[in-house]
Amino acid sequence: MNLHDNITMIKGVGPKKAEALSRLGISTVEDLILFTPRQYEDRREITEIDKLKEGETAVFAGTVDIIAPGNFRGRRGQVLKLLVSDDTGSVEVVFFNATYLKKAFAMGSEYIFYGKLSMNRGRKQVIHPDFSKRTDFVQGIIPIYPLTKGITQKEIRRLQTEAAGSYEDMEEFLREKTLRNHNLCDISYAFRNIHFPEDRQKLREARYRLVFDEFLTLETGLLSARKRTGGRKGIAFASSDVEREYIESLPYALTCAQARCVAEIKRDLESDIAMNRLVQGDVGSGKTAVAEISMYKAVKNGYQAVMMAPTEILARQHYEGLSKSFARHGVSVGFLSGSMKASEKKQTLAALEAGDIDILIGTHAVIQSDVVFSRLGLVITDEQHRFGVNQRMLLKDKGNNLNVLVMTATPIPRTLAVVLYGDLDVSLIDELPPGRQEIITRCALTDETAKGKQLRSRCYEFVNKQIQAGRQAYVVTPLIEESDAIDAKSVNQVFEELSAMFPRTALLHGGMKQAEKDAIMEQFSDGLIDVLVSTVVIEVGINVPNAAVMVIENAERFGLAQLHQLRGRVGRGPHQSYCFLLIGHDSELARKRGSIMEQSSDGFFIAEEDLKLRGPGEIFGTRQHGLPDLKIADMARHMDVLAKARDEALAILEEDPELALPENSALRRRVTGLFGEDMTLNL
Ligand code: ADP
Ligand code: MG
C-alpha cells in the first residue's frame with residue numbers, strides 16, 4: 001500500500017465509509033496514520049470475576065451460561081441478559097435494546113468482556129461491555145479514536161492494522177541532530193507505538209516524539225513569522241507627559257491598575273525599542289481607556305494609530321465612543337469595515353493615506369493590503385484572542401517596527417505567553433473601577449418538566465419587572481446546528497416567544513446584514529429596545545450601561561470563560577444587575593459551572609476553574625489564541641516539551657533562517673502545511 005493511496009484502496013472501504021472517514025479528515029492512507037488516538041484503555045490483564053470492583057472498568061473472561069431476552073420495565077426496548085461465570089464467580093451482563101446481539105453469543109462458549117461493574121440490588125452487573133470471542137480478543141493497550149457517525153472503534157482499528165505496513169514510508173522530517181539531541185525516536189517507531197503500543201514506556205516515547213513534532217512545527221512557523229517583522233528597534237516618542245491632557249479629560253479617575261499600565265506603556269513608547277505589550281484585564285476593567293491614552297500619545301507625536309476589534313459591532317462601538325472623546329482634542333477618528341459602501345471606504349482610505357485621519361478603528365478590514373497609512377506608529381488589537389496569528393502579524397506589517405499593544409480578557413499564564421508571543425511584555429489590570437456592583441447570578445434547571453417550565457417563566461417575570469423599572473435585558477442563546485435543534489432552543493424560537501411577552505424585543509444574529517445589526521445595536525443603545533435576543537455575537541466588549549439583566553438560555557452549552565464574558569455585558573452602569581443561567585439539559589458539568597458562576601465574579605478564578613473542568617486543551621487550545629489546530633500536543637499539559645521544541649526551532653532557524661537546507665526541507669513543508677497559504681511566512 002502506498003501512503004498517498006486513497007483510503008478506498010483498503011478492503012471494505014466503499015464510498016459510504018470513505019465519506020464518513022473524510023469527516024474525520026481521512027482520505028489517504030497517510031491521513032489514517034496521522035489520525036492519532038484520543039486515549040488508551042489498558043486491557044492487558046484479565047481480572048477474575050470475583051475481584052471485579054464496583055465502579056471500575058476491567059477486562060474479564062467467562063463462559064456464557066444463561067441467555068435471557070426480555071422486556072425492560074414496561075419499556076418496549078428489549079434487554080438481553082447473560083450470566084457469565086469463571087472459576088471464581090459470576091456476573092450478569094446486560095444489553096438494552098440489543099436483542100440482535102443474541103446471535104453473537106453461544107451458550108457454553110468463552111468470551112472476553114471489557115466494562116464497568118455496577119451493583120443492582122446486590123447483584124453484580126456489567127452494562128453494555130465491549131466483548132469478543134475469547135479467540136478474537138485483542139489483549140493489550142487499546143487505542144481509542146475519535147469517532148464520527150458511521151464508523152466504529154473496531155473499524156478504525158482494523159483500518160489501522162491495514163495501514164501499519166506503511167509506517168516505514170513515513171517521511172522522517174527531523175534532522176539527525178534534532179533526533180539525537182532530544183532523544184527522540186524515529187518517525188516509524190512513533191507511529192507504530194502510537195497506534196499499537198506494546199507497553200506504556202514505548203507509548204510514552206511515541207507520544208513524546210509526536211508532541212515534539214507538532215510544537216516544533218508550530219514554533220518554527222511562529223518564530224520565522226516574528227523574525228520577518230524585523231529588528232526590535234522601534235519608533236521613540238518624545239518623552240513628555242502629553243497624555244496627561246487626555247487623562248484629565250476623562251470623566252473618571254484612572255484606577256491604580258490602569259495608571260500602572262499606562263505608565264508601563266509610556267515607558268515602552270518613549271524608548272527606541274518597539275513596544276510589544278499584552279494588556280490583560282478582566283471584562284469591565286477599563287482596557288479601552290488605556291488604549292485611548294496610548295493612541296493619544298501617538299497622535300500628539302505626529303503618528304497615526306490603528307485599533308482592530310474582532311466584530312463589527314464592537315468596532316463600531318469603539319468608533320462611536322472614541323470619536324466623541326477625541327473630537328474634543330481635535331483628533332480625527334476614522335472607521336473601516338468590510339461591509340462599508342465602496343465609496344465610503346475609498347474616501348476613508350484616501351484620507352488615511354493623506355494623513356487626514358489620525359486614528360483608524362475597524363474590523364480586520366484594517367489589515368487589507370489596500371489600507372495604507374501615511375505615518376503609522378501604534379497598532380492595537382482589542383480582544384486579541386479572537387484573532388489568528390496571521391491577522392495580528394499582518395497588522396504589525398503595516399509599518400516598520402511598530403509599537404504593538406494587544407488587549408485581552410483571557411488570562412494567559414506568563415510561561416505560555418512567552419512561548420506564544422515571544423518577548424511580549426505583560427501588563428495586568430487586576431482591579432475594577434470603583435462602585436461596580438456584584439452581578440447577582442442565579443442558575444436554574446429549566447428543562448421540559450413542569451418545574452423547569454415554571455422556573456423559566458419566573459425568570460422572565462423578573463425580566464418584566466426590570467423592564468417596567470426602565471432597565472433593558474439581553475437574552476443569549478447558543479449557536480445551534482440544524483442537527484441538534486432538538487436539544488436547544490434556537491434564537492428564532494426564543495425571539496418569537498419573547499416578542500409575545502415583550503413588545504419591544506429585537507433579534508440579533510451573525511447571519512444578519514451588517515446594516516441591520518448596526519441599526520439594532522443603536523436602537524438598543526438608545527433604549528428603544530427592551531429585550532435583545534441574540535446569539536453570542538454580543539459576547540465581546542459591548543457596552544450598554546442601562547442593560548441590567550443577562551439571561552443565558554441553554555447555558556450548559558457555554559464554557560465558563562464564555563459565560564463570564566457574556567455576564568460582563570451587564571453591570572456596566574449604576575444599576576444592580578442580574579445574570580440568569582438557564583440550564584436546559586441537566587448535567588453535573590452544567591451544575592458545577594453554574595455554581596462557580598454564582599459564587600465568583602473574578603475572571604482569573606473562573607478561568608482556572610474552567611481549566612480544571614474542561615481540561616487544558618480547550619482553554620489554551622488553539623481557538624483562544626488563533627493558532628493552527630494541534631492534533632496531539634496540548635499547550636498546558638506539555639508545556640515542558642513546548643519549551644524544548646521552541647529551543648530547537650530557534651537553533652534550526654539560527655543555522656538555516658530560510659529553511660533552505662535539504663535537511664530542513666521536509667520541516668519547511670510541514671510549517672507551510674500547518675499555517676496554510678495565508679500565513680505569508682518568510683520561507
Ligand atoms: P474592558 O476592559 O472590558 O474593555 P471597558 O474599557 O469597556 O472595559 O470599560 C468598561 C466601563 O468602565 C466603561 O463604561 C468605561 O467607561 C468604564 N471605566 C473605565 N475605566 C474607569 C475608571 N477608572 N473609573 C470608572 N469607570 C471606568
Ligand atoms: Mg473591551
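When a ligand or atom number is given, it counts from 1 through the structure's own listing order.
Between the Glu516 side chain and the Lys513 main chain, a donor and an acceptor come within less than 3.5 Å of each other. The main-chain N or O of Gly584 is found under 3.5 Å from a side-chain atom of Glu556 such that the two form a donor-acceptor pair. Side chain of Asn301 to main chain of Ala238: a donor-acceptor pair is present (N/O by atom type, distance under 3.5 Å, no hydrogens or angles). Within the 3.5 Å criterion, the main-chain N or O of Asn543 finds a donor-acceptor partner in the side chain of Gln317.
Evaluation of the salt bridge (Lys or Arg N to Asp or Glu O under 4.0 Å) rule for Glu270 yields Lys266, Lys297 as partners, not counting sequence neighbours. Residues passing the side-chain contact (heavy atoms from CB on, under 4.5 Å) test with Ser374 are Gln304, sequence neighbours excluded.
Screening Phe580, Tyr578, Phe524 against Tyr474 for a ring-ring contact (aromatic ring centres under 6.0 Å, His included) leaves a single residue, Phe524.
Inclusion of Pro434 in the set of residues having an N or O under 3.5 Å from an N or O of ligand 1 is not warranted. Checked by distance only, ligand 1 and Ala253 come closer than 3.5 Å through their nitrogen or oxygen atoms.
With a 4.0 Å cut-off on non-hydrogen atoms, Gln258 touches ligand 1 through its side chain and not its backbone.
Using a 3.5 Å distance cut-off with no hydrogens or angles, the side chains of Ser427 and Arg260 do not pair a donor with an acceptor.
Close approach to Arg572 involves these atoms of ligand 1, each under 4.0 Å from a residue heavy atom: 3 (O), 7 (O), 10 (C). Distances below 4.0 Å separate heavy atoms of Asn543 from the following atoms of ligand 1: 13 (C), 14 (O). Near Ser285, with a cut-off below 4.0 Å to any heavy atom, the atoms of ligand 1 are 2 (O), 8 (O). Each of the atoms 23 (N) of ligand 1 lies under 4.0 Å from some heavy atom of Thr255. Taking every heavy atom of Val283 and a limit of under 4.0 angstrom, the matching atoms of ligand 1 come to 3 (O). With ligand atoms numbered from 1 in the order given, ligand 1 contributes 4 (O), 5 (P), 6 (O), 7 (O) to contacts under 4.0 Å with heavy atoms of Thr288. Within the listing of ligand 1, atoms 2 (O) sit less than 4.0 angstrom from a heavy atom of Asp282. The contact set between ligand 1 and Leu254, taken as ligand atoms under 4.0 Å from a residue heavy atom, comprises 23 (N).
In this structure, Gly284 has a heavy atom closer than 4.0 Å to ligand 1. In this structure, Asp382 has no heavy atom closer than 4.0 Å to ligand 1.
Taking the six-membered ring where the residue is Trp, Tyr460 and Phe502 present tilted rings, their angle falling between 30° and 60°.
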